[in-house]
S.K.: 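Mind having a look at this structure? Questions to follow.
Reminder, nothing fancy here: chain letters follow the sequence lines and each chain counts from 1.
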Number of protein chains: 2
Amino acid sequence: MTVSKAVEKSGEATRSRKDAGDSPAEALHLGELSEQLGYVLKRAQLKVFENFLRCVASLQLTPAQFSVLLLVEQNPGRNQTEIASTLGILRPNFVAMLDNLESRDLCARIRSTNDRRSHILVLTDKGKAVLTRAKKLVATKHEARLNELLGAANRDALIAMLSKIANEF
Amino acid sequence: MTVSKAVEKSGEATRSRKDAGDSPAEALHLGELSEQLGYVLKRAQLKVFENFLRCVASLQLTPAQFSVLLLVEQNPGRNQTEIASTLGILRPNFVAMLDNLESRDLCARIRSTNDRRSHILVLTDKGKAVLTRAKKLVATKHEARLNELLGAANRDALIAMLSKIANEF
DNA sequence: GATAATTGTTATGGACCATATCAAATATCG
DNA sequence: CGATATTTGATATGGTCCATAACAATTATC
């Protein structure tokens, strides 16, 4: 079948031109797309990041920055390579990120005395304070919204399944 | 507490320098990160996209391109703006995407006779054939892997929760 | 002690995303 | 009707994120 014939078979001629009778321009059918894991996953991720940004807007933290602060707090004495790699961030790209956090006095690089190539990462006092406030905001606004939407049990099941996918897919 | 004092309290001095006794450089603790919805969601999404790309590598289709083909097939007679916006793609960015698909003869733009501003999108015969093959690959390789990992019931529950998040968060 | 590997860094290019702007076509309204 | 506004596809452009190569300083290996 040619393209020109295909267009005749489509419902185009009857609907376009701003819907002659002012009918409400019906929404498109997602079809199999709404069952595609990747599609639904991506859209959910965008919404969650968007919501996260709003919830911690007062602290000016992105999800990635939040994850760095959390990981540095949880793992004192680690260097840039270690922190970056466990977050899936490539070392070159981690440099600008740290420059940012350091310029805002949220964390600091400290030359290691054992291996003078590496920089040990530490949270500053301000960084600890900001992280504490961020955790609170995330818990009371962000995660609370999720529980409200799914219920605690479903939330746990969701996280478990996503972790499984992230680790074993 | 100052930064210099903080580093003394960290476990740095005892572990760095390639772990004196060749001990296996213990993995970092994710801590609260493994419970963060956004973190786990993002990592799962990356893995799923990665797997998708491998599964349909023979057809050279990205998840975004696959979604365009699916949506065009499901909604004949729609124009660029309609297809792009339901996929969350901005019109300017959709142009290059279509240029690509059209240059590969997978879909075609057809000037609408009703509204000569708009381009109706249609799958070519080759586009239909490729989409059919892609669906088969996705079903037998990609989605099958998901079922194997979670089971059909859990898979459905996961998709449902992600849809809910994507639509109502 | 010569060579290899590691760490942080810079430079660079690609992919994706967002905004402003434009010409052509159409819609709206006096 | 005709002037003005809106819509559509397109271009240009800038930002962010991601990936690779290369480099100097330092350390490991042989």
Side-chain angles (χ1 to χ4, degrees), chain A residues 12 15-23 25 38 42-43 45-47 49-50 53 60-65 67-68 77-103 107-121, chain B residues 12 15-23 25 38 42-43 45-47 49-50 53 60-65 67-68 77-103 107-121:
Chain A
E12 193 251 329
R15 198 198 331 88
S16 269
R17 194 163 236 156
K18 203 61 173 187
D19 273 333
D22 219 40
S23 44
K42 178 73 179 179
R43 302 217 69 139
Q45 184 256 315
L46 289 174
K47 276 292 187 71
F49 270 40
E50 205 178 287
L53 285 172
Q60 287 281 93
L61 281 184
T62 68
Q65 291 169 335
S67 70
V68 170
R78 299 295 191 152
N79 65 23
Q80 295 184 201
T81 299
E82 292 171 313
I83 298 292
S85 78
T86 66
L87 287 176
I89 303 173
L90 294 172
R91 274 77 61 179
N93 299 328
F94 195 48
V95 173
M97 232 180 126
L98 273 185
D99 287 346
N100 180 1
L101 293 176
E102 207 172 17
S103 75
C107 77
R109 300 180 235 227
I110 299 180
R111 208 134 230 139
S112 167
T113 53
N114 297 322
D115 184 340
R116 296 183 37 238
R117 289 171 298 187
S118 61
H119 292 167
I120 300 307
L121 297 184
Chain B
E12 192 252 326
R15 197 198 333 88
S16 269
R17 193 162 238 159
K18 205 63 173 186
D19 274 334
D22 219 40
S23 45
K42 178 74 179 180
R43 301 216 73 138
Q45 183 257 315
L46 289 174
K47 276 292 186 71
F49 269 40
E50 206 177 287
L53 285 172
Q60 286 281 91
L61 282 183
T62 68
Q65 291 168 336
S67 70
V68 170
R78 298 296 191 150
N79 64 23
Q80 294 185 201
T81 300
E82 293 171 313
I83 297 291
S85 78
T86 66
L87 287 176
I89 303 173
L90 293 173
R91 274 77 60 179
N93 300 328
F94 195 48
V95 174
M97 234 180 126
L98 273 186
D99 288 347
N100 180 1
L101 293 176
E102 207 172 18
S103 75
C107 76
R109 300 181 234 226
I110 300 181
R111 204 134 232 140
S112 167
T113 53
N114 296 323
D115 186 338
R116 297 180 41 234
R117 289 170 299 186
S118 60
H119 292 167
I120 301 306
L121 296 184

S.K.: D/dA19 C1' sits how many Å from B/E50 CD, rounded?
M.R.: 14 Å
S.K.: Does B/S118 make a side-chain N or O approach to OP1 or OP2 of C/dA25 shorter than 4.0 Å?
M.R.: no
S.K.: Is there a side-chain contact between A/T81 and the phosphate of C/dT6, meaning an N or O under 4.0 Å from OP1 or OP2?
M.R.: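 Answer is no, no contact under 4.0 Å.
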S.K.: In whole angstrom, what separates A/F94's CZ from D/dT20's P?
M.R.: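 Computing the A/F94:CZ to D/dT20:P distance gives 19 Å.
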S.K.: Does A/R91 reach a base, just sugar-phosphate, or nothing at all? Heavy atoms under 4.0 Å.
M.R.: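 The answer is base, as A/R91 lies within the cut-off (heavy atoms under 4.0 Å) of a base atom.
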S.K.: How far apart are the closest heavy atoms of A/P63 and A/F49, and which atoms are they?
M.R.: CG-CD2, 3.6 Å
S.K.: I need the CG-P distance between A/D99 and C/dT9, as an integer number of Å.
M.R.: 7 Å
S.K.: Expressed in angstrom and rounded to an integer, what is the separation of B/Q80 atom CD from D/dT7 atom P?
M.R.: 17 Å
S.K.: Between B/F49 (CZ) and D/dC18 (P), how many Å, whole number?
M.R.: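 To the nearest whole Å, that distance equals 13 Å.
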S.K.: Tell me which pairs pass side chain to side chain donor-acceptor pair (under 3.5 Å) where either residue lies in residues 84-100 of chain A, with sequence neighbours left out.
M.R.: A/D99-A/R109
S.K.: When you compare the side chain of A/S67 with that of A/T62, does any pair of heavy atoms fall below 4.5 Å?
M.R.: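 Contact flag for A/T62/A/S67 side chains = no.
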S.K.: Which residues pass the side-chain contact (heavy atoms from CB on, under 4.5 Å) test with B/K47, sequence neighbours left out?
M.R.: A/F169, B/E50
S.K.: Distance from B/L61 atom CG to B/L101 atom CG, nearest 0.5 Å?
M.R.: 8.0 Å
S.K.: Could you give the CG-to-C1' distance, from A/N114 to D/dT27, as a whole number of Å?
M.R.: 12 Å
S.K.: Can you list everything that forms a side-chain contact (heavy atoms from CB on, under 4.5 Å) with B/F94? Sequence neighbours excluded, please.
M.R.: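 By the side-chain contact (heavy atoms from CB on, under 4.5 Å) rule, B/F94 matches B/V68, B/Q80, B/I83, B/A84, B/I89, B/M97, B/L98, B/L121.
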S.K.: For nucleotides 12-19 of chain C, print each protein N/O atom paired with a nucleotide N/O atom at under 3.5 Å, atom names and distance only.
M.R.:
residue : atom : partner : partner atom : Å
C/dA18  : N7   : B/N93   : OD1          : 3.3
C/dA18  : N7   : B/N93   : ND2          : 3.0
C/dA18  : N6   : B/N93   : OD1          : 3.2

S.K.: Could you state the atom-to-atom distance from CG of A/D115 to P of D/dT26 in whole Å?
M.R.: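 From A/D115 CG to D/dT26 P: 10 Å.
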S.K.: Relative to the 5' end of DNA chain C, which residue comes earlier, A/R109 or B/R117, by the nucleotide with the nearest heavy atom?
M.R.: A/R109
S.K.: Measure from the side-chain heavy atoms of B/N79 and tell me the nearest of C/dT9, D/dT8, C/dA25.
M.R.: D/dT8
S.K.: For A/M97 and C/dG8, give me the distance from atom CE to atom P, rounded to whole Å.
M.R.: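 Rounded to whole Å, this separation is 15 Å.
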S.K.: For A/R116, give me all partners under side-chain hydrogen bond (donor to acceptor under 3.5 Å, both in side chains), at least two apart in sequence or on another chain.
M.R.: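 Residues passing side-chain hydrogen bond (donor to acceptor under 3.5 Å, both in side chains) with A/R116: none at all.
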